[in-house]
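Take a look at the structure below.
Numbers restart at 1 for each chain; the letters A, B, ... are given by sequence-line order, proteins then strands.
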Amino acid sequence: MDAPLPVPSIPPRLDPDSLLATLNDAQRAAVEAPWGPVLVLAGPGSGKTRVLTQRIAWLVGVLGVPPWQVLAVTFTNKAAREMRTRVEALLGEGALGRLTLGTFHGVCAAFLRREAGRAHDAGLVAFDRDFVIYDGDDQLALVKRAIKELDIDEKQYRARAVLGAISAAKNEMLRAADYRPPTYWHEIAARVWARYDQLLQASNALDFDDLLLQTTALLQADRELLERYRSRWQWLLVDEFQDTNSVQYTLLKLLSAAEVAEAPHNIFVVGDEDQSIYRWRGADWRNIERFRKDFPAARVVLLERNYRSTQVILDAARAVIDRNRHRTPKALWTEREGGARLTLFEAYDETEEAAWVAAQIARHVERGEQGGDIAVMYRTNAQSRALEDALVRRRIPYRLVGATRFYDRREVRDALAYLRLAHNPRDEVSLARVINVPPRGIGPKAWEALRAVAHEHDEPLIDALRRIAEDGSGAIDTRTARALGAFHALLSDLIAQRADTPPSLLLDQALTASGYATWLRDGTEEGEDRWANLLELGSVAADFDAYPPREGLSAMLESVALVADVDSLDAGTAEERVTLLTLHSAKGLEFPTVFLTGLEEGTLPHMRSGDDPDALEEERRLLYVGLTRAERQLYLVHAFRRTFMGSTEPRERSRFLDDIPLAALAESAGRSAARARETSWKPSSTTWKPSTAASASSAAGAAPGGGELLRPGQKVRHATFGAGVVVAAVERGADQEVTVAFTGGGVRKLLQSFAKLERA
DNA sequence: GTAACCGAACTTTTT
DNA sequence: GTTCGGTTAC
C-alpha cells in the first residue's frame with residue numbers, strides 16, 4: 001500500500017485562501033481546524049471526500065507537515081485510490097511519496113511484514129515476513145478442517161457459523177485463550193477456534209481479522225515500537241469512521257496516544273451514523289460516541305449541505321431515517337429545491353418487477369439518458385437474476401457490481417494456490433487445494449497418509465511430502481508414494497524458481513508443469529472461459545514483473561489478497577451500461593436515476609433481522625443509503641409475491657415505505673391501489689420499440705413478429721409460467737400482445753416478442 | 001481413485 | 001436456484 005519509491009521532493013506551499021475557496025463554511029471549518037481531535041459528521045453527498053483530501057493538502061501544503069507523518073485510512077481500495085488521486089491533484093505528483101494512505105487491512109499488512117520479527121519477540125503469534133493472507137474462503141476451509149480434526153459434529157457446528165463466532169470474537173479484541181464462552185455451543189466453537197489458530201500458525205498465515213488484531217496487539221505489547229509509530233504518524237485521518245470495529249477503534253486510540261493527556265491527539269475522523277451498514281461485520285457506529293467521550297476536546301463539524309440530490313429526495317430520505325433513535329439529528333438541505341417526485345410501483349412478482357424496471361430504463365434511454373446514469377439496487381445478490389433477464393431481453397447493456405468476484409473464481413484460486421505455495425510452502429490451505437488438482441492420484445486416503453507422516457514427525461506437510469518423496473514410506477503403497485513424489489518435484493521446482501522468475505512467468509510455469517492448463521482447457525466453451533480468466537490473471541501478474549522477482553511475487557500476492565475488485569475484465573462502454581448492485585455496494589456512489597427494488601417485508605427489512613430493533617435500524621439505514629444515492633429521480637418498487645429459495649410467497653410492502661410522506665410520491669404510480677389484480681402490467685406503446693435487431697434475433701427463437709400469429713384457444717408454453725391457453729391475441733405493430741390463462745393459475749398479458757411463447 | 005449422480009441445505013450484506 | 005457433500009458405479 002505504501003508507494004514503493006519515496007520521492008524526496010519538498011511539497012509545494014499552497015495558498016490557503018485558494019485552497020479554501022471552493023468550500024462551504026462547514027467544510028472550511030473542518031479543513032482548517034487547528035491541531036487536536038476533529039469529528040466530522042458528514043451527511044450523504046456533503047463532500048466528505050473533498051474535506052478529507054483538502055485537509056491533507058492543508059496539513060502538508062499550508063501547515064508544512066511532512067507527508068510521512070500523515071496516516072490516512074479508508075475501508076476500500078477504491079476510496080484510497082480516489083483520495084490519493086485527488087490529493088495529488090492538489091499538491092502535485094510525487095509530493096506524497098511517503099504519505100501512508102491505504103485501507104486498514106493494507107496498512108496493517110505492510111506494518112506486520114515490516115515488524116514480523118518484533119511480533120516474534122513480543123511472544124505473539126509467530127509468523128515471518130512471508131506470511132500469506134487468508135480470506136473468507138480460506139478461513140472457511142480451515143475451520144472445516146479444524147472441525148473434522150476435532151471430531152465435532154459438522155451438522156450442529158456449521159463451519160460458517162463457527163467462523164462467524166470466531167471472527168466476531170476476534171473483532172472484539174479477544175484471544176482464544178481469554179475467551180469466555182457464553183453458551184455450550186460457543187464453548188465448542190472456542191475449541192475449534194484454538195485449533196484454527198494453530199492451523200493458521202502452522203501455515204504461516206494470518207486471516208483478515210488477524211491483520212488488524214495482530215497489529216494492535218503488537219503495538220500494545222511493544223511499548224518502544226508504539227512510541228516509534230506514534231512519533232511517525234502524528235496526523236491520523238479516518239474515512240467511514242462509523243464502520244470501524246472494536247479492534248480498529250482500539251488501534252486508532254493507541255496511535256493517537258489518547259491516554260496521554262498532553263499529547264496533541266491529531267486525529268481527524270469523518271463518518272455518518274446514518275450510513276453505518278456493516279454491523280454484522282463488527283462495525284460499531286457507537287465508536288462515534290466513544291470518540292466523543294475519549295476525546296472530549298474534539299471539535300465536531302456537521303456537514304449538512306447536500307450537493308447531490310433534489311430536495312424531494314432528501315425529504316423522503318430524511319423521513320425514513322428520522323425514525324432511528326440513536327443518531328445525531330441532521331437536516332440535509334440543498335439548493336436544488338423541488339425535483340421530480342418519487343415513483344412507487346407494485347409489481348405482481350419479481351419477473352414483472354424486473355420487466356417494469358427494464359421498461360422504465362428503456363424509456364429513459366429513449367429520452368436520451370445514458371444507461372451509465374442509471375442504477376438498479378437490491379438487498380440481496382440473488383435478486384439480480386430476474387433483473388438481468390429482463391435487461392437482456394430488452395438488449396440493455398448492464399454491469400453487475402460485485403457478483404462473482406474475479407478472485408473468487410475457482411480456476412483463479414487454484415492458480416493462485418500454486419503461486420502461494422511457491423512463495424510460502426507451509427501454506428496448507430493452498431496445498432490441500434491443489435494437491436489433487438488436476439487429478440493426479442492423490443485422493444483422501446493419500447492425504448490422510450501424508451498428514452499422518454507429518455503428525456508423526458511433527459513437521460509441516462510440505463516436509464512430510466519431501467520425506468515421502470525421498471525415502472518412500474513404509475505404510476504408503478508405491479503408487480501413492482510415486483504420485484506424492486511427483487507432486488513434490490513439481491513444487492520444489494516452483495519453489496526453486498521463485499527467486500529469479502518474474503511472477504507472470506512463474507504462473508505460466510505452474511500452470512504448464514502441473515498440467516493445469518491442459519486439464520482446464522478440455523475443449524468446452526467453459527474451459528476456454530476459465531482459461532481466459534487465467535490469462536487475465538497473467539496480466540495482473542505481469543504488472544509485478546518489473547520488481548525483483550521475489551518481491552514481485554510477494555507484492556502480487558498481497559495485492560491480490562487485499563484487493564477484491566477487478567472489474568477491468570469487461571471494460572468498454574461504461575457510459576452505456578446500467579449498473580446493478582446491492583445496497584451495500586452502492587454506498588459512496590451516486591446516480592442521476594435510481595431504482596430500489598424488492599422493497600418488501602422479508603427482503604428489506606430482511607427476514608434475518610427478525611424483530612431485533614438494532615438490526616431493524618440497520619435495515620432502515622440501508623434504505624436510507626439507497627435513497628440518498630439518487631440525484632434526480634427515484635423509483636421504489638416492490639412485488640406482490642416473490643419466489644425465493646424455490647417457493648413463492650405473497651409479500652407485504654416494506655414498513656419503511658409507510659414513512660415516506662405522500663407529498664414526495666407521484667400520484668397513482670403503478671397499481672398499488674389495486675394490488676391483487678391478476679392482470680399483468682402492460683407496457684405503453686411508447687415504451688416498447690421493436691428494433692430491427694431485436695425482432696431479427698428473437699425471430700430465430702420463436703417467430704414472434706413474423707407470420708405465425710397466436711390465436712385464442714391455442715395451447716402454449718412459457719419458460720417461467722409453464723403451460724397455458726391463449727385467451728386473446730391483439731396485434732401491436734410488428735408484435736403481438738397475447739393474453740394467456742396459465743394452468744398454474746393467473747391470467748397474464750404478454751408481449752410475444754419477449755414472452756417467447758411456444759406452441760404446445 | 002475418479003466421475004457422475006443424487007438429495008439436502010442454504011442463502012444479507014464483504015474489507 | 002444453487003452449491004455442497006455423500007453415495008454409487010466404473
Measure CZ/A/Arg440 against P/B/dT2 and give the value in whole Å, please.
10 Å
Partner of A/Tyr134 by side chain to side chain donor-acceptor pair (under 3.5 Å), out of A/Asp210, A/Asp427, A/Asp207
A/Asp427
Go through A/Glu82 and A/Thr85 one step at a time and tell me if the side chain to side chain donor-acceptor pair (under 3.5 Å) criterion holds.
CA-CA 5 Å; A/Glu82 187 180 343; A/Thr85 315; over 6 Å; no
Please evaluate residues A/Asp239 and A/Lys48 with respect to the criterion salt bridge (Lys or Arg N to Asp or Glu O under 4.0 Å), reporting the C-alpha separation (whole Å), side-chain torsions for both, the decisive distance (0.1 Å), and the verdict.
CA-CA 9 Å; A/Asp239 189 17; A/Lys48 83 183 163 81; 2.8 Å; yes
Pi stacking test for A/Trp280 and B/dT13: under 5.5 Å apart, planes under 30°
yes
Take atom CD of A/Gln139 and atom C1' of B/dT14, then tell me their distance rounded to the nearest Å.
11 Å
Expressed in angstrom and rounded to an integer, what is the separation of A/Arg160 atom CZ from C/dT3 atom P?
13 Å
Atom CD of A/Gln383 and atom C1' of C/dT2 are separated, to the nearest Å, by 16 Å
From the set C/dT2, B/dG1, B/dT13, return the single nucleotide nearest to any side-chain atom of A/Arg385.
C/dT2
In this structure, how many angstroms lie between the C1' atom of B/dT13 and the CZ atom of A/Arg621, rounded?
13 Å
Going from CZ on A/Phe656 to CD on A/Glu601, what distance comes out if it is rounded to the nearest 0.5 angstrom?
7.5 Å
When you match A/Leu212 and A/Ile442 each to their closest nucleotide on DNA chain B, which lands nearer the 5' end?
A/Ile442
Is the phosphate of B/dT2 approached by A/Asn436 (side-chain N or O, under 4.0 Å from OP1 or OP2)?
yes
In whole angstrom, what separates A/Asn381's CG from C/dT3's P?
13 Å
Provide, to the nearest angstrom, the distance between the CG atom belonging to A/Asp137 and the P atom belonging to C/dT3.
13 Å
Please report the distance, rounded to the nearest Å, between CG in A/Asp349 and P in C/dG1.
13 Å
Ignoring backbone atoms, test whether A/Thr582 places a side-chain nitrogen or oxygen under 4.0 Å from the OP1 or OP2 oxygen of B/dT14.
yes
Applying a 4.0 Å non-hydrogen cut-off, can you work out what A/Arg479 is touching in the nucleic acid: base, sugar-phosphate, or nothing?
nothing
Please give me the minimum heavy-atom distance between A/Gln275 and A/Gln242, naming the atom from each residue.
O-NE2, 3.7 Å
5′-ward residue of the pair A/Leu622/A/Ala446 relative to DNA chain B
A/Ala446
Does A/Lys144 have a side-chain nitrogen or oxygen under 4.0 Å from the phosphate oxygens OP1 or OP2 of C/dG5?
yes
Look at the side-chain N and O atoms of A/Arg158 and state whether any lies under 4.0 Å from the OP1 or OP2 oxygen of B/dA9.
no
